[in-house]
Amino acid sequence: GRTKQPWYVNLGDAPMMMAGLYDRWVDAVGDEMLTVSVITTDASSRLEWLHDRMPVVLRGASVLAWLGDESEQLPSLKKLLRPYNGDDLSWSWHPIGCCMTLDWLSHV
């Protein structure tokens, strides 16, 4: 098979805040587990050359809406689950070596 090229994508000086879910639960053995999921959506027009999916990027008021107790306002939260083109930010990306990815995974 073909070797995949890992890429580093960032939003310039701004932190990349992403929609996600987490849960703390106890498994069958009694060990407490913390699980995390990153919510993804279709790739934006700026990143579709890289992959067909991307994290849901949150900016400004959408961060507070996602983190708030808005369970009654599910339709408004669903509106946040869309590709982010980042026209207001300086997107940048560059390839990284496979070893960087493997080194990171060894510490997880």
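Computed over heavy atoms, backbone and side chain alike; hydrogens, waters and symmetry mates excluded. All of these numbers come straight from a predicted model, not from anything done at the bench. The chain is numbered in sequence order, starting from 1.
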message: Could you check whether Arg82 and Thr41, counting side-chain N and O atoms only, form a donor-acceptor pair closer than 3.5 Å?
response: no
Met16 side chain near Val9 side chain, heavy-atom distance below 4.5 Å: yes
query: Does the Glu48 side chain pair with the main chain of Arg53, one donor and one acceptor, at a distance under 3.5 Å?
result: no
- request: Find out whether Ile39 and Leu81 are in side-chain contact, i.e. whether some heavy atom of one side chain is under 4.5 Å from a heavy atom of the other.
  value: yes
- request: Decide yes or no on side chain to side chain contact (heavy atoms under 4.5 Å, CB included) for Leu50 and Trp7, but give the supporting numbers first.
  value: CA-CA 9 Å; Leu50 179 61; Trp7 289 81; 3.1 Å; yes
message: Grouping I, L, V, M, F, W and Y whenever their side-chain heavy atoms are under 4.5 Å apart, do Val57 and Val36 come out in a common cluster?
response: no
- prompt: Just checking, is any N or O donor in the side chain of Thr35 or Asp23 under 3.5 Å from an acceptor N or O on the other one?
  reply: no
- prompt: Leu80 and Leu21: same hydrophobic cluster, using ILVMFWY side-chain contacts below 4.5 Å?
  reply: yes
Atom pair NE2 (His51) and CG (Asp42), whose distance is rounded to the nearest 0.5 Å: 11.5 Å
- prompt: So Trp91 and Asn10, side chain to side chain contact (heavy atoms under 4.5 Å, CB included) or not? Walk me through it.
  reply: CA-CA 6 Å; Trp91 280 92; Asn10 71 22; over 6 Å; no
query: Using the ring of each side chain (for Trp, its six-membered ring), is His94 parallel, tilted or perpendicular to Tyr8, with breaks at 30° and 60°?
result: tilted
- prompt: Would a distance-only check, ignoring hydrogens and angles, find a side-chain to backbone donor-acceptor pair under 3.5 Å from Arg46 to Asn85?
  reply: yes
message: Please report the interatomic distance OH(Tyr84) to CG(Leu47), rounded to the nearest 0.5 Å.
response: 11.5 Å
query: Does Met54 reach the side chain of Thr40, with side-chain heavy atoms less than 4.5 Å apart?
result: no
message: Does any part of the side chain of Trp25, heavy atoms only, come nearer than 4.5 Å to the side chain of Glu32, both counted from C-beta?
response: no
Distance-minimising heavy-atom pair for Gly20 and Trp66: O-NE1, 3.1 Å
query: So which heavy atom on Pro55 is nearest to which on Val38, and how close?
result: CB-CG1, 3.9 Å
